[in-house]
There are 4 protein chains.
Amino acid sequence: MTKALDASEPRAKRSRGRPRGDARERILRAARRLLAAQRYDEVSVPEIVAAAGVAQGTFYLYFETKASLIVALADEIQRAIEAKIAACFSSDVPVIELVGRLIDAGAAVCRDHADILPFLRSEALLFGESRRSEELRKPHVEKLASLIQRDQRAGLLRRDLTPAYAARLISATLDQVARDVAGGSVSGNEIAYRDEAIAFLRRAIAAEARS
Amino acid sequence: MTKALDASEPRAKRSRGRPRGDARERILRAARRLLAAQRYDEVSVPEIVAAAGVAQGTFYLYFETKASLIVALADEIQRAIEAKIAACFSSDVPVIELVGRLIDAGAAVCRDHADILPFLRSEALLFGESRRSEELRKPHVEKLASLIQRDQRAGLLRRDLTPAYAARLISATLDQVARDVAGGSVSGNEIAYRDEAIAFLRRAIAAEARS
Amino acid sequence: MTKALDASEPRAKRSRGRPRGDARERILRAARRLLAAQRYDEVSVPEIVAAAGVAQGTFYLYFETKASLIVALADEIQRAIEAKIAACFSSDVPVIELVGRLIDAGAAVCRDHADILPFLRSEALLFGESRRSEELRKPHVEKLASLIQRDQRAGLLRRDLTPAYAARLISATLDQVARDVAGGSVSGNEIAYRDEAIAFLRRAIAAEARS
Amino acid sequence: MTKALDASEPRAKRSRGRPRGDARERILRAARRLLAAQRYDEVSVPEIVAAAGVAQGTFYLYFETKASLIVALADEIQRAIEAKIAACFSSDVPVIELVGRLIDAGAAVCRDHADILPFLRSEALLFGESRRSEELRKPHVEKLASLIQRDQRAGLLRRDLTPAYAARLISATLDQVARDVAGGSVSGNEIAYRDEAIAFLRRAIAAEARS
DNA sequence: AATGAATGAGCGTTCATTCAT
DNA sequence: GATGAATGAACGCTCATTCAT
């Protein structure tokens, strides 16, 4: 047929027909864009596929249902966030120093995903099998608890802290600060706020200076 | 704006018509029950009116649209929550004592509305521009900030705290504790956890004992 | 509003809006018309409602699914057929005479429902819970069996017939004749065919003339 | 007309490609299996190819459309049935004996194809104008009519039978008996039923014993 | 010959909403 | 005030089919 001939074309514009292999990616990106601006029930599959530039049937090649798309989308973003946070834990610094890094990483995350975070915080929670965001923070809280214990032994942190409890309290504080810093709630004073938060935590958990 | 929100007037005695219980109330209760178990987009008006035992048309006598029902429902619950939290601020106690009360009130709120909180945290937040959870907490954070300032002047709290910042940090911590206490994350040790959290905050903000 | 005014109009042409109460009937009639000409899978709900002159949503007010429409349609027609056949059994004639009446009734049925019978005989069988057409004939076959027994006792029919078996054989024959007569397979000779069939059955089942 | 029906040519050895079993055969077998359990409109091409273990595109190498698969499948089965029935006619026995054979052959057919017969009786019949069950039986009825004529000349059958009519009546009876015998409607008494049916027919058509 | 990603029309169905009663 | 039949747009989804590889 016309086959050998077409194949010799260096794979240029095919306006209809076969894959770029990127259909899934295009759909995810389009969905993210749309979900940043509208509720899940306001965004239709026709809208998503139109924005993605694929056919409606293609959607269902990659996602079982519309709902499963958000699970995938949330997973993707959360994986990225995880990675960024987990990186803070990899180096071997005292908790008192770690908190600063976690704030910065958290703020970066909030900034990078500012568009979609409201969505992630809201709708996505209702999609997975259960309480998702709690679950997601859990490993980090646990890691933090073990580092607290380590620093307690090293005499850096108060002995009367229960590591698991302290880890929760710190984590909540860090989240708040990261969000505030990224979200402009303290505009112009991010550094002062951050430093005050760190001092706040230090007083709450640091071992008293030996006399 | 001023349109969708105010179908709230309780109506007067109608002696004819079917339901004895007020139709509006029945609809709200049914919606709450259903929204505790399903997403907004999964709950239909037919479903709600069936659960409420009223006719489909009756729904539109009390709510302009399905979305406005959500707003009304969220308002109702949030008003109840507000009231409970605001009550803590009414008496004239030092911040260091206030935090304990806020934890207890917050935990009570979480327990009382456990069914519907995931819904409030998620979907409802996306309905009106102005009804993000940030906004809702704002008055309390501001009130707390002013109390911090008062206690600073009284020498009870550290002078180097920026009241607005400290208020945010405290608020985040209290939220976390209230949720943990109510949600069973620290089951069996609620009191120990609560007390440790209060001590944590005290160290962070209390003025150092004068020598 | 404009209500009292509109209501004074003597209920003339409402081109949109409220019921004639006949929506269900219109849908059934339209479906019958369409199913006489096309397979079930070729007839779409949009097509049916367009032919019926009702909105798509109205369809689902009266029928749970498209498939349940045919069950209803088949039931309706079969009830009419039942009635006609059952009427033959009501009077108290010998089986030998009854068969003639049954042929005539059967032929009338085939003619009256000529359009939809192929559909009923084919597709509809697969919709109900199980083998439908067998079930439907069963009561008549049983009634026939009991009449055979009666006539055996009266010496009108052969003693060596097993009533249940004979009833089946007669019934199959009658069906065939009714269909042939109505369907034009023996065009022009319907009466001769019918008479020969009756003679055929008489020889098969009548008691031998006493010598 | 001549188009949709003939994708039947068995193709020659293809040594490359995945399936060892011929793809066409696998598709037909899968379709038959599925159509025994579901209506035509419920069985999808994706489902068929999945059950057959071939790719979606492969389907269209062997069948022009989904509908043409049905026709091919029905043809295949009907050819097998034809052959079995036709075999009864091949030997040179009197009609009175033939009916017994036809019952047995018919019952065997019903048993062998029990799974797919409801499908054949229903949907398949509506696919081609020309493939109604009436048409399919016609050659056999005609053959039977000619044998009746032969036996009338031989003095074995009544002279007053119209061969074409008698053939129809006999055929309907045989069908009924075959179905009943195979379907368990007379369970345990198949032989008695069959014998009574034959006696029934003999009385109806045999020439009276000469005195 | 065989594949399977891609297509896009069109399905059955449900929805929020209206309004004559 | 309350009803519920009727609406029709729009939904999520599946389908039969194509064709570059």
Side-chain angles (χ1 to χ4, degrees), chain A residues 1-3 6-7 11 14 16-21 23-24 41 44-49 54-67, chain B residues 11-19 22-24 41 44-49 54-67 69, chain C residues 1-3 6-7 9 11 14 16-21 23-24 41 44-49 54-67, chain D residues 11-19 22-23 41 44-49 54-67 69:
Chain A
M1 293 188 181
T2 58
K3 195 176 165 191
D6 286 0
R11 215 183 178 307
R14 41 75 233 96
R16 257 255 319 285
R18 287 300 312 307
R20 309 75 144 172
R24 201 190 125 95
D41 70 297
S44 70
V45 174
E47 214 178 341
I48 294 169
V49 297
V54 302
Q56 194 131 349
T58 307
F59 182 96
Y60 293 93
L61 246 26
Y62 294 105
F63 303 98
E64 296 212 346
T65 63
K66 180 188 166 192
Chain B
R11 284 154 332 81
K13 71 223 130 178
R14 45 82 231 88
S15 58
R16 245 265 311 283
R18 266 259 270 26
D22 212 68
R24 187 172 192 276
D41 70 299
S44 68
V45 173
E47 211 179 346
I48 294 169
V49 298
V54 302
Q56 207 129 324
T58 306
F59 183 95
Y60 291 91
L61 249 27
Y62 295 103
F63 303 97
E64 297 215 348
T65 65
K66 180 188 165 191
L69 162 68
Chain C
M1 293 190 176
T2 58
K3 198 174 163 191
D6 287 1
E9 303 216 320
R11 215 183 178 306
R14 41 75 233 100
R16 258 253 318 286
R18 286 301 310 307
R20 305 82 144 170
R24 199 188 125 97
D41 70 297
S44 70
V45 174
E47 214 179 342
I48 294 168
V49 297
V54 301
Q56 196 130 346
T58 306
F59 182 96
Y60 291 93
L61 246 29
Y62 295 104
F63 304 98
E64 295 211 345
T65 63
K66 180 188 165 192
Chain D
R11 284 155 333 80
K13 72 222 127 181
R14 43 88 227 87
S15 58
R16 246 263 309 288
R18 268 256 269 25
D22 211 68
D41 69 299
S44 69
V45 173
E47 209 179 346
I48 293 168
V49 297
V54 302
Q56 207 129 327
T58 306
F59 182 95
Y60 292 90
L61 251 25
Y62 296 103
F63 303 98
E64 298 213 348
T65 66
K66 180 189 167 194
L69 161 69

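Worth knowing before you read on, the calculation uses all heavy atoms, side chains too, and leaves out hydrogens, waters and symmetry mates. Letters A, B, ... mirror the listed sequences (proteins, then strands); counts begin at 1.
- Listed nucleotides F:dC13, E:dT7, F:dA16 differ in distance to A:V54; the shortest reach to its side chain belongs to E:dT7.
- In terms of polar N and O atoms assigned as donor or acceptor, the side chain of D:Q56 comes within less than 3.5 Å of the base of F:dT17 in a complementary pairing.
- Distances were taken from every side-chain heavy atom of D:Y60 (C-beta onward) to each of E:dT13, F:dA16, F:dC13; the shortest belongs to F:dA16.
- The heavy-atom pair separating A:D41 from A:K66 by the smallest distance is CA-NZ, 4.1 Å.
- Whole-Å rounding puts the A:K66 NZ to E:dT13 P distance at 20 Å.
- Within the shown strands, F:dT3 is the pairing partner of E:dA20 under the Watson-Crick or G-U definition, both distances less than 3.5 Å.
- The two residues B:A23 and B:T58 come nearest to each other via the heavy atoms CB-CG2, 4.0 Å.
- Taking atom CZ on C:R24 and atom C1' on F:dT7, their separation rounds to 20 Å, with Å as the unit.
- Nearer the 5' end of DNA chain E, as judged by each residue's closest nucleotide, is the contact made by C:F59, out of C:F59 and B:G57.
- A:I48 places its CD1 atom 8 Å from the P atom of F:dG12, with the value rounded to the nearest Å.
- The shortest distance between the side-chain N/O atoms of B:Y62 and the OP1/OP2 oxygens of F:dA2 is below 4.0 Å.
- Listed here is the closest heavy atom pair of A:V45 and A:Y60: CG2-OH, 3.7 Å.
- Rounded to whole Å, the distance from CG on D:D41 to C1' on F:dT14 is 13 Å.
- Closest-nucleotide positions on DNA chain F for A:E64 and B:A55 were compared, and the one nearer the 5' end corresponds to B:A55.
- Annotation: of the two residues near DNA chain E, C:P46 and B:P46, the 5′-most nearest-nucleotide partner is C:P46.
- Separating the CG atom of A:L61 from the P atom of F:dG12 is a distance of 18 Å, rounded to the nearest angstrom.
- Base pairing annotation: F:dC15 forms a Watson-Crick or G-U wobble pair with E:dG8, both donor-acceptor distances under 3.5 Å.
- For A:T58, a side-chain nitrogen or oxygen approaches OP1 or OP2 of E:dT7 to under 4.0 Å.
- Across F:dC11, E:dA6, E:dG12, the shortest atom-to-atom separation from the side chain of C:V45 is found for E:dG12.
- Scanning all heavy atoms of the two residues, the minimum distance from B:L69 to B:F59 falls at CD2-CE1, 3.7 Å.
- Nearest nucleotide to the D:S44 side chain, out of F:dG12, E:dC11, F:dC15: F:dC15.
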